[in-house]
> 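Quick one: the structure is below, questions incoming.
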Amino acid sequence: MALAERPRYPVARSVTPFALAGSGHDLDLAPNAPEFFARALRWIDETVSLRQV
């Protein structure tokens with residue numbers, strides 16, 4: 001999946017795809033939405049630097 005998405009984001013440093021099983025297009029209403037939000041927060045912690053430049 002990452003290889004297929006990579007061309008859509010040519011200036012991104014990296015592409016980290018994630019598909020939440022059974023969620024369809026509305027992550028907020030998925031029964032397992034907390035799994036997505038936990039994964040998103042982990043990605044933010046690992047990827048985004050909060051250091052001021």
> Rounded to the nearest 0.5 Å, what's the gap from CD on E5 to OG1 on T16? Could you check?
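So the gap between those two atoms works out to 11.5 Å.
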
> Any donor-acceptor pair under 3.5 Å linking the side chain of R39 with the backbone of A19?
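The answer is no, because no donor-acceptor pair under 3.5 Å joins these two groups.
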
> Identify the heavy atoms of A21 and N32 that sit nearest to each other, and give their distance.
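So the two residues come closest at O-ND2, 3.1 Å.
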
> For L27 and L20, run side-chain contact (heavy atoms from CB on, under 4.5 Å): C-alpha distance rounded to whole Å, both residues' side-chain angles, the deciding distance at 0.1 Å, then the answer.
CA-CA 8 Å; L27 295 172; L20 183 63; 3.8 Å; yes

